[in-house]
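Counting starts at 1 for both ligands and their atoms, following the listed order. Reckoned from all heavy atoms, side chains included, excluding hydrogens, waters and symmetry mates.
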Amino acid sequence: MDGQISAYLKTHAERFLGELKDWLRIPTVSADPAFHADVLRGAEFLRSHFETLGMTSRLVETPGNPVVVAEWMGAPGAPTALVYGHYDVQPPDPLDLWTTPAFEPTVRDGKLFARGATDDKGQVFTHVKSVEAWLKTVGRLPINVRFVVEGEEEVGSENLEDFLRRHREELACDIAVVSDTSQYAPGIPAITYGLRGIFACEVTVFGPRKDLHSGVFGGSVANPAFGLARMLAKLHDEAGRIQVPGFYDDVLPLTTEEREQFAGLPFDETAYLSELGASAAVGEAGYSTLERRWARPTCEVNGLFSGYTGVGTKTIVPARATAKITCRLVANQDPKKLVEALERFLRANLPTGLTMEFHTDHGAPAFLFHPDSPYIEAAGTAIERAFGARPVLIREGGSIPVVTTFRQVLGVDTLLLGWGQNTDNLHSPDEHFSVADFQRGIHASAELWECLASVPRS
Ligand code: BES
Ligand code: MN
C-alpha cells in the first residue's frame, strides 16, 4: 500500500474519531418506534458523508428503515467488493448501568464508549475512512466498492432480502465484506468463517380470564406461570440436549479438523467465566465451551413474565404467562421447520386447564464459508499487515441474517472481518470500541482493497 495512504491515516486519525462520535450521537435504535426520526437522521448522516468523499450515494426506501447505498466504480475490469453493515443499534437499556450516557460518546482508557461504537457504526466506519484515504491520496481505488448499510439488522433484517432482490443487478459484486464480528482476542485478529442462524418466537400461556384472588380461588384452577415453567423445563434434558423431536436431525457436525483447530486456540476458561460473572461452564454434554458457542444449536429464554412484578406482594393467580424464546442454529438447520417443531413440542406439553398462543418472529439460517477460499487468503494478508499478526480462523455464535441472502440472491460469499473484541459489551451497557482497534481496522481495510484486487475473478 502506498506510503501516502498510511501518512493520511495518521494525519487524520483524530478527525476520523470525531466524525464517528458525531454519528454515534444519533440514537438509531431500530427496536423502538420512538426513535424513528433519529433512525432517519442516522441514515442521512452516512449518506451525506459518502457524498463528501466524492462517492455516489442515496437512501433507498423500504417498508421499514431506509438502506444507505453508495459506490465508487472507477476501476473497470477489477473486482467489486460489497461492504455491508448496519447503522441501527440495540436499545441502550438499562440506562443506569452506563458509566457515561449511551449516546454521549466518550473516550476513556483508549476506548470509545457509546451504543453502536463497535456494533456496528464504528466497524462500518473503518471501511468508509479507508475508501476516503485512497480517494484523497491516490485518487482512485484498486477495486470497485459498493456499500449497503441497513437500518434493521438488530431487528432481523426483514426487509433486506426484498431490497436485494429488487436491486440485484445494480448490486452485482464478486465478494461481500462485513465487519460486524470480533477478533478472537486482543492481539489475535480473526477471520470468521461460520456464524449461527437464529429463530425468534414468543409463547403465551393463558389460565383464568383475569388475575384471581389466590386465597379464594387458588388451588382450584391451573396457574399459567407454573404451566409455562413446566413446559420450559422440558426443553432440555440433564445433559443439556434440546428435547424438541427432530431438533438435531439436520445438524452438520463439526469435522475432526475443526475440533482440533478450536482446541488449539488459547482459551482460559476460568478467566472467561470470571469475566462473565458466571460460576460454572454449563451446556451440552460432550462439547467444549468454544464448540457450544460457535457450532452447536441452543434454545434460550430471553424474557419471562407473568403476574405481579411490582414491589411487595400481591396474592393472585395470574391470568397469563409469557416467554420470549430464541434458538441459535448451525449449518444445515432450517429455521422455519424448527420453529414449527418447537411450537408442536410446547403444545404437546401444555398442562391441562391452560391454553396457549404462539407467535413466530424473525428467522435466518446459519452461515458457513469454505476456509480455503482465496478471498480468505487475501484478507489474511491485509489483516496481517495492519495488525502485525496472521488472523486465526474461527466461527462465532452470533447471527447476521443477510449473509446467507447474499449467497442466494447475489451469488457471492462473505468475508467476515471483525475488528472489535467480544468483550466490547455489544448489546450491553458500556459498549465500546478500542480506538487502536478502530485505527487498525481502517488500516486493514485500506490494505484489503489492494489484496482483493489480486484475487482472480471467477
Ligand atoms: N454484530 C452482531 C452479530 C455478531 C456479534 C456476530 C458478535 C458475531 C459476533 C449483530 O449485530 C447481531 O447482534 N445480530 C443479531 C441478529 C438477530 C437480531 C437476528 C443477533 O445475533 O442476535
Ligand atoms: Mn452488529
Looking only at protein heavy atoms, what sits closest to atom 9 (C) of ligand 1 is Glu396 OE2, 3.2 Å
When you check the gap from the basic side-chain N to the acidic O, do Glu396 and Arg328 get nearer than 4.0 Å?
-> no
Can the ring centres of Phe406 and Tyr84 be said to be less than 6.0 Å apart?
-> yes
When only distance counts, is Thr181 in polar contact with ligand 1, meaning an N/O pair under 3.5 Å?
-> no
Check whether any side-chain heavy atom of Arg395 lies under 4.5 Å from a side-chain heavy atom of Tyr193, and answer yes or no.
-> yes
Which class fits the ring pair Phe369 and Phe367: parallel under 30°, tilted 30 to 60°, perpendicular over 60°?
-> tilted
Between Phe103 and Arg25, is there a cation-pi geometry (under 6.0 Å to ring centre, at most 45° from the normal)?
-> no
Indicate whether the side chain of Ser157 and that of Glu150 have a donor and an acceptor atom separated by less than 3.5 Å.
-> yes
Within a distance under 4.0 Å of any heavy atom of His86, pick out the atoms of ligand 1 and give their elements.
-> 11 (O)
Below 4.0 Å from any atom of ligand 1, is there a heavy atom belonging to His427?
-> yes
Heteroatom N/O/S of Glu154 within less than 2.8 Å of the Mn ion (ligand 2) | no
Taking the inter-plane angle between the rings of Trp294 and Tyr184 on a 0 to 90° scale, is it parallel (under 30°), tilted (30 to 60°) or perpendicular (over 60°)?
-> perpendicular
Output yes when the distance from some N or O of ligand 1 to some N or O of Arg328 is under 3.5 Å, and no in every other case.
-> yes
Nearest non-hydrogen protein atom to atom 10 (C) of ligand 1, with distance, is Glu153 OE2, 3.2 Å
Angle in degrees, rounded to 10°, that OD2 of Asp180 and NE2 of His86 form at the Mn ion (ligand 2) = 80°
Using 2.8 Å as a strict upper limit, say whether an N, O or S atom of Asp119 approaches the Mn ion (ligand 2) that closely.
-> yes
Between Asp180 and ligand 1, which residue portion shows a heavy-atom distance shorter than 4.0 Å: side chain, backbone, both, or neither?
-> both
Top protein contact for atom 17 (C) of ligand 1, by heavy-atom distance = His362 CE1, 4.0 Å
For Gln90 and ligand 1, answer yes if some heavy atom of the residue is under 4.0 Å from a ligand atom, otherwise no.
-> no
Can you tell me which residue and heavy atom of the protein come closest to atom 18 (C) of ligand 1, and the distance to 0.1 Å?
-> Glu154 O, 3.7 Å
Nearest protein heavy atom with distance in Å, relative to atom 7 (C) of ligand 1 = Leu426 CD1, 3.9 Å
Closest non-hydrogen protein atom to atom 3 (C) of ligand 1, residue and atom name please, with distance?
-> Ser399 O, 3.5 Å
Test of ring centre spacing under 6.0 Å for His443 and Phe387 = no
Quick one: do Arg296 and Glu291 make a salt bridge, cutoff under 4.0 Å?
-> no
Per-atom filter on ligand 1: closer than 4.0 angstrom to a heavy atom of Pro401 are 19 (C)
Polar contact flag, side-chain donor to acceptor under 3.5 angstrom, Asp413-His370 | no
